Peer 1: 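Let me give you the structure first, and then I'll get to my questions.
We count residues from 1, following the sequence as given. Everything numeric here is computed off the predicted structure, so don't read it as measured data.
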Amino acid sequence: MKFSTLPALALLVAATAVSAADEKLTIGQFDFIVAAPWKKAENSGMMTKAVLSWPIEGGAPIEAKFYDFGGPSGGIEANIQRWISQFEGKPEVKQEELTFGTTKVVLLTAIGTYLDGAPMSPTKTPRPDYTLFGAILAGDQSSVFIKMA
């Protein structure tokens with residue numbers, strides 16, 4: 001299977017030409033530009049700080065969920081392992097570390113059978129051939145986690 005971190009990178013890098021209609025999203029110490037076709041979506045998660053939606057014609061939209069737990073939040077590696085454990089068996093995994101200015105960014109791509117469901121729920125729906133794109137921005141006070149599955 002071919003790995004691509006492009007969707008995760010698209011969340012991190014704002015286009016040089018930002019339109020007047022674009023909104024700003026602030027999570028923790030980080031500011032993001034919500035550039036079209038991304039739109040802010042309803043946030044119904046207890047731990048989720050924001051949700052962005054990318055409409056798909058004739059299908060369910062892609063959602064990017066943003067988390068900031070305030071403080072160290074278990075560390076970057078523990079959260080990466082938690083994302084990988086949301087797959088059945090051993091998914092194919094690619095991890096990259098980048099630096100933007102002074103901010104360390106970890107990108108994760110995992111492909112396999114994703115176990116979809118609420119974090120603490122014992123009931124999960126297996127989703128074969130799913131891909132999880134994740135990005136972790138290591139901040140001074142806390143880290144911001146972005147997840148798409």
Side-chain angles (χ1 to χ4, degrees), residues 1-16 25 27-149:
M1 290 184 197
K2 186 175 182 182
F3 287 97
S4 172
T5 55
L6 184 59
L9 282 172
L11 290 170
L12 300 175
V13 181
T16 55
L25 175 66
I27 306 292
Q29 70 189 64
F30 299 102
D31 293 327
F32 301 89
I33 300 297
V34 183
W38 288 104
K39 294 182 181 189
K40 289 183 180 178
E42 181 180 343
N43 180 9
S44 60
M46 288 179 20
M47 297 185 296
T48 311
K49 297 295 182 191
V51 178
L52 296 182
S53 178
W54 180 301
I56 302 294
E57 189 174 325
I62 297 170
E63 288 189 337
K65 295 183 178 184
F66 290 71
Y67 304 88
D68 178 6
F69 305 111
S73 57
I76 291 173
E77 189 57 36
N79 281 281
I80 288 171
Q81 292 308 313
R82 189 168 318 144
W83 282 346
I84 293 170
S85 73
Q86 293 172 351
F87 284 82
E88 196 171 76
K90 291 191 86 176
E92 293 185 56
V93 176
K94 180 179 180 184
Q95 183 176 329
E96 295 178 67
E97 288 189 20
L98 306 169
T99 303
F100 293 93
T102 60
T103 303
K104 175 183 171 184
V105 177
V106 177
L107 300 176
L108 178 80
T109 305
I111 299 173
T113 300
Y114 181 70
L115 301 174
D116 194 8
M120 301 301 215
S121 172
T123 307
K124 305 286 185 183
T125 302
R127 308 268 188 213
D129 301 318
Y130 256 50
T131 301
L132 180 148
F133 292 112
I136 302 171
L137 288 75
D140 296 334
Q141 297 89 29
S142 66
S143 294
V144 171
F145 302 84
I146 306 166
K147 178 182 165 190
M148 296 184 290

Peer 1: Give the ring-plane orientation class for W83 versus F145, where under 30° counts as parallel, over 60° as perpendicular and anything between as tilted.
Peer 2: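 The arrangement is perpendicular - the two ring planes meet at more than 60°.
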
Peer 1: Is the closest side-chain heavy-atom distance between V34 and L52 below 4.5 Å?
Peer 2: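 A side-chain contact exists here, since the closest heavy-atom pair is under 4.5 Å.
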
Peer 1: Roughly how far apart are T109 OG1 and Q95 CD, rounded to 0.5 Å?
Peer 2: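 Spacing of OG1 (T109) from CD (Q95) equals 10.0 Å.
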
Peer 1: Roughly how far, to the nearest 0.5 Å, is CG of N43 from OG1 of T48?
Peer 2: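 That separation rounds to 5.0 Å.
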
Peer 1: Quick one: CD on E77 to CG on N79, what's the gap to the nearest 0.5 Å?
Peer 2: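 The distance works out to 9.5 Å.
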
Peer 1: Closest approach of I76 and A138, non-hydrogen atoms and distance?
Peer 2: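 Result for this residue pair: CD1-CB, 3.9 Å.
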
Peer 1: One pair to check against side-chain contact (heavy atoms from CB on, under 4.5 Å): K65 and M47. What are the steps and the verdict?
Peer 2: CA-CA 10 Å; K65 295 183 178 184; M47 297 185 296; over 6 Å; no

Peer 1: Which residues pass the side-chain hydrogen bond (donor to acceptor under 3.5 Å, both in side chains) test with D31, not counting sequence neighbours?
Peer 2: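 Once residues adjacent in sequence are excluded, the partners of D31 under the side-chain hydrogen bond (donor to acceptor under 3.5 Å, both in side chains) criterion are T26.
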
Peer 1: What distance do Y67 atom OH and S143 atom OG have between them, rounded to the nearest 0.5 Å?
Peer 2: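 Separation between the atoms: 15.0 Å.
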
Peer 1: List the residues meeting salt bridge (charged side-chain N to carboxylate O under 4.0 Å, His left out) with E97, not counting sequence neighbours, and say none if there are none.
Peer 2: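 K104.
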
Peer 1: Please enumerate all residues that pass side chain to side chain contact (heavy atoms under 4.5 Å, CB included) together with S121, with sequence neighbours excluded.
Peer 2: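 By the side chain to side chain contact (heavy atoms under 4.5 Å, CB included) rule, S121 matches A118, T123.
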
Peer 1: Ignoring hydrogens, what is the shortest heavy-atom contact between F30 and S142? Give both atom names and the distance.
Peer 2: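 Nearest pair, atom of F30 first, then S142: CE1-O, 4.5 Å.
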
Peer 1: Ignoring hydrogens, what is the shortest heavy-atom contact between L115 and P126? Give both atom names and the distance.
Peer 2: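 In terms of heavy atoms, the two residues are closest at CD2-CA, 4.0 Å.
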
Peer 1: Give me the atom names and distance for the closest heavy-atom approach of K147 to Y114.
Peer 2: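 Nearest heavy atoms, K147 then Y114: NZ-OH, 3.1 Å.
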
Peer 1: Do W54 and P61 come close enough that some side-chain heavy atom pair is under 4.5 Å?
Peer 2: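 No, their side chains stay 4.5 Å or more apart.
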
Peer 1: Taking the side chain from Q29 and the backbone from D140, do they hold a donor-acceptor pair closer than 3.5 Å?
Peer 2: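 Such a contact is found between Q29 side chain and D140 backbone.
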
Peer 1: Between Y130 and F87, is a ring-ring contact (aromatic ring centres under 6.0 Å, His included) present by the stated rule, with each step listed?
Peer 2: CA-CA 9 Å; Y130 256 50; F87 284 82; 8.4 Å; no

Peer 1: Scan residues 109-125 for pairs that pass salt bridge (charged side-chain N to carboxylate O under 4.0 Å, His left out), counting only residues two or more places apart or in two chains.
Peer 2: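 The answer is D116-R127.
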
Peer 1: Do the side chains of L108 and F133 get nearer than 4.5 Å, heavy atoms only?
Peer 2: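 Side chain of F133 against side chain of L108, heavy atoms only: no contact under 4.5 Å found.
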
Peer 1: Of the options I136, L137, L107, I27, which is the one that meets I146 in a side-chain contact (heavy atoms from CB on, under 4.5 Å)?
Peer 2: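 Option passing the side-chain contact (heavy atoms from CB on, under 4.5 Å) with I146: L137.
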
Peer 1: Which residue pairs satisfy the salt bridge (charged side-chain N to carboxylate O under 4.0 Å, His left out) criterion with at least one member in residues 46-60, sequence neighbours excluded?
Peer 2: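 The answer is none; no pair qualifies.
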
Peer 1: Kindly indicate, with the supporting measurements, whether the criterion side-chain contact (heavy atoms from CB on, under 4.5 Å) is fulfilled by T99 and V105.
Peer 2: CA-CA 6 Å; T99 303; V105 177; over 6 Å; no

Peer 1: Drop me the distance from M148's CE to L132's CG, to the nearest 0.5 angstrom.
Peer 2: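 Rounded to the nearest 0.5 Å, the CE-CG separation comes out at 8.5 Å.
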
Peer 1: So which heavy atom on P91 is nearest to which on G89, and how close?
Peer 2: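 Shortest heavy-atom contact: CD-O, 3.5 Å.
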
Peer 1: What are the two closest non-hydrogen atoms of V93 and A110, and how far apart are they?
Peer 2: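 Closest pair (atom of V93, atom of A110, distance): CG2-CB, 4.3 Å.
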
Peer 1: Provide the full list of salt bridge (charged side-chain N to carboxylate O under 4.0 Å, His left out) pairs with a residue in residues 32-45, sequence neighbours left out, each pair given once.
Peer 2: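 Listed once each, the pairs are E23-K40.
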
